[in-house]
Amino acid sequence: MRIATWNVNSVVARLPRLLDWLGRAEPDVLCLQEIKTGEDTFPSDQVGELGYETAVHGTGRWNGVALLSRIGVGDVRRGLVDEPGYSPDGAMFDVTEPRAIGATCGGVRFWSVYVPNGRELGHPHYDYKLDWLKALQSTVAAELTERFVLLGDFNIAPTDEDVWDAGAVHGGTHVSQPERDALARIRELGLTDVVPRAMKYDTPYTYWDYRAGMFPKNMGMRIDLVYASAALSGAVRDAYVDRDARKGTGPSDHAPVVVDLDI
DNA sequence: ATGTCAGACAACGTCTGA
């Protein structure tokens, strides 16, 4: 089974590249983040022509997650257990955002997640990020099965090895200890970080900012992660970052992570 | 020097978020 995760930064803007990539990489299941559109406007027909069923959790302009599967989609669940919401500046109520979707495909339980960015240390969005990670932990604890995988854009670099310069990360998020501790607590439930091999530079980064030539200079981060149960991590045959998908005209700022499993 | 994107709104530029 070939599984993958990719923050596409708008599935509509990325559709030609997504279709091209599906045709070349041929994943059985692809988890998407930042689809930036709703279920009604998701290009289900176009990916359907390539044999993929879809499960979508999106509300429009921001965020949004989905799963594409050519081995079936069942038991779809949108949102986390006790998922916190976020209050934008001046808003009186928290709004729950579409950042997590679970589904069972080919006997494996998948969760595609887009962890809040956090913006900067001390910002309300940072507290939201930590609260959201607690809800993710609760959800994993409730859902964990023998064949389970949590994958997506975590907006956290697990170690300093996963960042070109931990001191240069804007706002200090993505590398702070509370975020890394929250991630460790999720791993401690029984998940393993499937670290992909790099295609270049020996640094399996998955994200490079669009600005300032960060990609050609390889100033990136490994923030798109695959957390697999023991049964699945023991079945990993290969794992890599498809760095080529970040090249050329009109890429996402993230590259896909692909994992091949002997199941 | 946050140097680039994407989407929404009401344009034909400006804002927000990443």
Side-chain angles (χ1 to χ4, degrees), chain A residues 5-21 31-43 46 56-66 84-100 112-133 136 152-157 162-176 179 205-225 243-257:
Chain A
T5 184
W6 193 9
N7 177 323
V8 286
N9 187 15
S10 171
V11 71
V12 173
R14 215 65 57 214
L15 187 59
R17 290 185 74 120
L18 172 63
L19 296 175
D20 176 67
W21 191 80
C31 295
L32 297 173
Q33 301 85 36
E34 276 206 271
I35 61 170
K36 291 186 171 178
T37 197
E39 189 164 4
D40 53 340
T41 44
F42 190 91
Q46 288 93 327
V56 179
H57 185 30
T59 51
R61 186 175 185 182
W62 306 117
N63 313 306
V65 287
Y86 182 66
S87 293
D89 289 343
M92 297 183 70
F93 304 101
D94 286 349
V95 177
T96 304
E97 301 173 318
R99 292 181 175 275
S112 174
V113 298
Y114 176 47
V115 177
N117 174 291
R119 301 197 185 153
E120 58 184 86
L121 300 182
H123 191 284
H125 207 263
Y126 179 74
D127 297 329
Y128 167 53
K129 182 178 196 174
L130 296 177
D131 289 344
W132 200 92
L133 288 164
L136 179 59
D153 177 358
F154 284 71
N155 273 316
I156 303 169
D162 298 308
V163 193
W164 88 98
D165 180 352
V169 179
H170 178 71
T173 62
H174 296 60
V175 297
S176 75
E179 295 166 69
Y205 298 152
T206 64
Y207 161 84
W208 301 261
D209 197 297
Y210 283 122
R211 292 165 287 196
M214 299 284 268
F215 179 63
K217 288 189 270 191
N218 198 38
M219 295 162 74
M221 297 194 272
R222 186 175 73 92
I223 57 176
D224 298 271
L225 309 175
R243 195 177 180 283
D244 289 343
R246 179 64 177 77
K247 296 177 180 174
T249 307
S252 167
D253 42 2
H254 296 251
V257 178

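Quick note on labels: first sequence line is chain A, next is B, and so on, each numbered from 1.
Picking from B:dT16, B:dA6, B:dA18 the nucleotide with the shortest atom distance to the side chain of A:His125 gives B:dA18. Proximity note for A:Ser10 (side chain, C-beta onward) versus B:dG3, B:dG7, B:dA18: the nearest is B:dG7. Looking at the side chain of A:Arg61, the nearest of the listed nucleotides B:dG3, B:dC5, B:dT16 is B:dT16.
The residue A:Phe215 sits apart from the nucleic acid: no heavy atom pair falls under 4.0 Å.
The base-pairing partner of B:dC5, taking Watson-Crick or G-U wobble contacts with both distances under 3.5 Å, is B:dG17.
A donor-acceptor pair shorter than 3.5 Å can be found between the side chains of A:Glu34 and A:Asn7.
The CG atom of A:Asn9 sits 10 Å away from the C1' atom of B:dT4 (whole-angstrom rounding). Rounded to whole Å, atom P of B:dA1 lies 15 Å from atom CE of A:Met214. With rounding to whole Å, A:Asp253 atom CG is found 15 Å from B:dG3 atom C1'.
At a threshold of 4.0 Å, the pair A:Asp20-A:Arg17 does not count as salt-bridged, since none of the basic side-chain nitrogens sits closer than that to a carboxylate oxygen.
The aromatic rings of A:Phe215 and A:Trp208 lie perpendicular to each other, with more than 60° between the two planes, well past the 30° mark. Between A:Tyr86 and A:His125, the ring planes lie perpendicular to each other; the angle is over 60°, past the 30° to 60° tilted range.
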